[in-house]
Amino acid sequence: SPNFAEVKAMFIQEYGAAQKDTIILLHGGGLSWWNYREAAELLQSEYHIILPVLDGHANSDRPFTTIEDNASEIISFIDEYLNGSVLLIGGLSLGGQILLEILSQRRNLCSFALVESAAVIPSRMTNALFAPVFGSSYGLIRNRRFARMQFQSLHIKPDLFEDYYRDTCRIRKQDMIAFLKANTSYTLKDTIRESSAKVHICYGEKETGEIRKSAEAIFREIPSCKLHSLKGLYHGEFSMNHADRHADAIRQIIHEG
């Protein structure tokens, strides 16, 4: 099997045997492959798990340009190394938006999709503020006290802090601004309706109204899509803080077919 970690187009962490059915999981913006590390460890005896690093993040050799470009790169990777299709693709937040774009660009790339907390309702005000705000405060991300405060506000479990701090410090300012602006301006493409994948949309009960409204908008747009509200959870908690439940959800989606 190919050594995916050496594919120059993308830095990738790989779990499980290559001959098994493949699952790809796309991390959230500002995070990295470790977003799904625990879930991958739980699933690796059953599936071949690939965790790409998104453009503009730590270990990526490409700057972040657009959600559309990153989706196209992942499609090209699947075409070149995975015979043009995989069993399931999952994605959180920015990764979820890239997953939605993948489904829009290629109707039959995966059999199943699990989209977690993806925004599809643009926020012009927030988008306009990113460049000036991050231009003046970017240097603070290397301050451990500030980084820990920011980390705690994200409701991520404490044992992921060192991963978060290390990789956040390695994101260039222009990349951070670029993917945050893309995250707040993404809209669904009409071609998503043509996807043959069985799509599951989930969001935390304690997330912002914008994420809930986005989940409902995706649900209305995709035929036979299933919508799941996750009781008591904040943004990103499902995949990062409750990897056992996340892995079980993946198993259930596949087994129910």
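Note that these values count all heavy atoms, side chains included, but never hydrogens, waters or copies made by symmetry.
- Not counting sequence neighbours, the partners of Glu68 by the side chain to side chain donor-acceptor pair (under 3.5 Å) test are Lys189.
- Lys226 NZ: 12 or fewer foreign heavy atoms inside a 6.0 Å radius.
- With sequence neighbours excluded, the residues forming a side chain to side chain contact (heavy atoms under 4.5 Å, CB included) with Arg145 are Asn143, listed by chain and number.
- Partners of Tyr203 under the side chain to side chain donor-acceptor pair (under 3.5 Å) rule, at least two apart in sequence or in another chain, do not exist in this structure.
- Residues in residues 245-257 take part in these salt bridge (Lys or Arg N to Asp or Glu O under 4.0 Å) pairs, two or more places apart or across chains: Glu46-Arg251, Asp248-Arg251.
- For the residue pair Ser32 / Asp163, no side-chain donor-acceptor distance below 3.5 Å is found, with atom types taken as modelled.
- Scored by the side chain to side chain contact (heavy atoms under 4.5 Å, CB included) test, Gln152 finds Arg148 as partners (sequence neighbours excluded).
- Taking the salt bridge (charged side-chain N to carboxylate O under 4.0 Å, His left out) definition, one finds that Asp21 meets it with nothing, sequence neighbours left out.
- Summarising the local packing, CG of Asp244 is surrounded by more than 12 heavy atoms from other residues, nucleotides or ligands at distances under 6.0 Å.
- Remark: Cys110 SG to Ile102 CD1 distance equals 7.5 Å, nearest 0.5 Å.
- Every residue two or more places apart in sequence or in another chain was checked for a salt bridge (charged side-chain N to carboxylate O under 4.0 Å, His left out) with Glu210, and none qualifies.
- The list of ring-ring contact (aromatic ring centres under 6.0 Å, His included) pairs with a residue in residues 167-198, not counting sequence neighbours, reads His57-Phe179.
- In this structure, CD1 on Ile24 lies 7.5 Å from CD1 on Ile12, to the nearest 0.5 angstrom.
- Considering every non-hydrogen atom in both Gly84 and Leu109, the closest pair reads O-CD1, 3.4 Å.
- The two residues Cys225 and Ile201 have their closest heavy-atom pair at SG-CG1, 3.3 Å.
- Residues passing the ring pair (Phe, Tyr, Trp, His ring centres under 6.0 Å) test with His200, sequence neighbours excluded: His228.
- Glu207 is linked by a side chain to side chain donor-acceptor pair (under 3.5 Å) to Ser117, His235, counting only residues two or more places apart in sequence or in another chain.
- Under the side chain to side chain donor-acceptor pair (under 3.5 Å) criterion, Thr187 pairs with no residue, sequence neighbours left out.
- In this structure Tyr164 satisfies the ring pair (Phe, Tyr, Trp, His ring centres under 6.0 Å) test together with Phe151, sequence neighbours excluded.
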